[in-house]
Amino acid sequence: MAATDRQVFFTKNLLAWHAGHHRPMPWKGERNPYLIWLSEIILQQTRVEQGLPYFERFKATYPTVTDLANAPEDEVMKLWEGLGYYSRARNLHAAAKHIAHDLNGSFPATYEGIRSLKGVGDYTAAAIASFAYDLPHAVVDGNVYRVLSRYFGIETPIDSTAGKKEFAALAQGLMEIRKLGNWWGRNFSISQFQTKRLQPGHNGLRRHALYPGCAEMWNLSDAATLRSFFGRKNGGVACENEEAGAAASVFQLPDFQSGGRGFH
DNA sequence: GTCCCGCAGT
DNA sequence: ACTGCTGGAC
């Protein structure tokens, strides 16, 4: 399926935006699949501010997947205390033991292998596959739903099977637009973009509130409509005073070579 | 009190 | 296809 101009435009501008908006996080640029897995499990259903100290503690206490596998269950649960959704911790520990005992301590390096781990669903498998191994799997989480529904004007409810399919297909299509960057760079960008620009507290996901002016953004040469999505304070969407630089750079964005290591 | 939105169990 | 899971922000 060929990408539309709008899809190419979106991808280019997203990457340009991300290049100018680094949000430093301990796992950004991380290539260790164990640490990526750990951070993704902690971040399921959990905000970065809440999960960050837990990630640091787990990383310090269990530097490798074998360390985690060898830890007693009650110690792992104790370290998880306060994060909620305790089945995540039980699955994390069970999967660590599986990797240590059945896979010689080496983390699975294929999407299917990662996806088969306890507690790892489509989203987490795609995140680990692309961030650790640069495999072309699109991450489709709540952040991605929010960004795509607004930019592409999709109103299909994401809590329906049809909606999940539609968003997954669109996200994967965006991944496959070539020569615009690498897979994990693109995945990272879209998630970060939401974090900065479209916060759930301002536009409820269930309501599928489209970004104001979304319908008018089909004019791809209009810098003002571009800014309305990628920068300007508008319609209750949380923004900071950083739109000028981002908006100025988007039209000069060169195509990146795929397979590179941009966007740290 | 409502909302959050990834995964697993059913 | 539908539901429960935790704690925290609002």
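Note that the coordinates shown come from a computational prediction; the quantities given were computed from them, not determined experimentally. Per chain, numbering begins at 1; letters A, B, ... match sequence-line order.
Rounded to an integer number of Å, the gap from A:Ile41 CD1 to B:dC7 P is 7 Å. In this structure, A:Asp122 atom CG and B:dC7 atom C1' are separated by 10 Å, rounded to whole Å. Taking atom NZ of A:Lys164 as the reference point, atom P of B:dC7 lies 11 Å away to the nearest angstrom. Rounding to whole angstrom units, CD of residue A:Gln50 and P of B:dC3 are separated by 20 Å. As a whole-Å value, the separation of A:Arg88 CZ from C:dT6 P is 10 Å. A:Lys118 places its NZ atom 22 Å from the P atom of B:dG6, with the value rounded to the nearest Å. Put simply, CG on A:Asn91 is 16 Å from P on B:dG6, counting in whole angstrom units. The distance between atom CZ of A:Arg115 and atom P of B:dC7, rounded to the nearest whole Å, is 7 Å.
Comparing C:dA1, B:dA8, C:dT6 by their closest approach to the side chain of A:Tyr85 singles out C:dT6.
Counting non-hydrogen atoms under 4.0 angstrom, A:Gln45 reaches a base of the nucleic acid.
With hydrogens and angles disregarded, a donor-acceptor distance shorter than 3.5 Å links the side chain of A:Thr46 to the backbone of A:Gln44. In terms of modelled atom types and a separation under 3.5 Å, the side chain of A:Trp37 and the main chain of A:Ile41 share no donor-acceptor contact.
Residue A:Tyr86 has a polar side-chain atom (N or O) positioned under 4.0 Å from OP1 or OP2 of C:dG7. Distances shown here put every side-chain N or O of A:Thr46 at or beyond 4.0 Å from the OP1 or OP2 atom of C:dG7.
Of the listed residues (A:Asn91, A:Leu92, A:Ile114), just one forms a side chain to side chain contact (heavy atoms under 4.5 Å, CB included) with A:Val120, and that residue is A:Ile114.
Remark: the separation of the P atoms in C:dG8 and B:dC7 is 22 Å, to the nearest Å.
Heavy atoms from other residues, nucleotides or ligands lying under 6.0 Å from NZ of A:Lys164 number more than 12.
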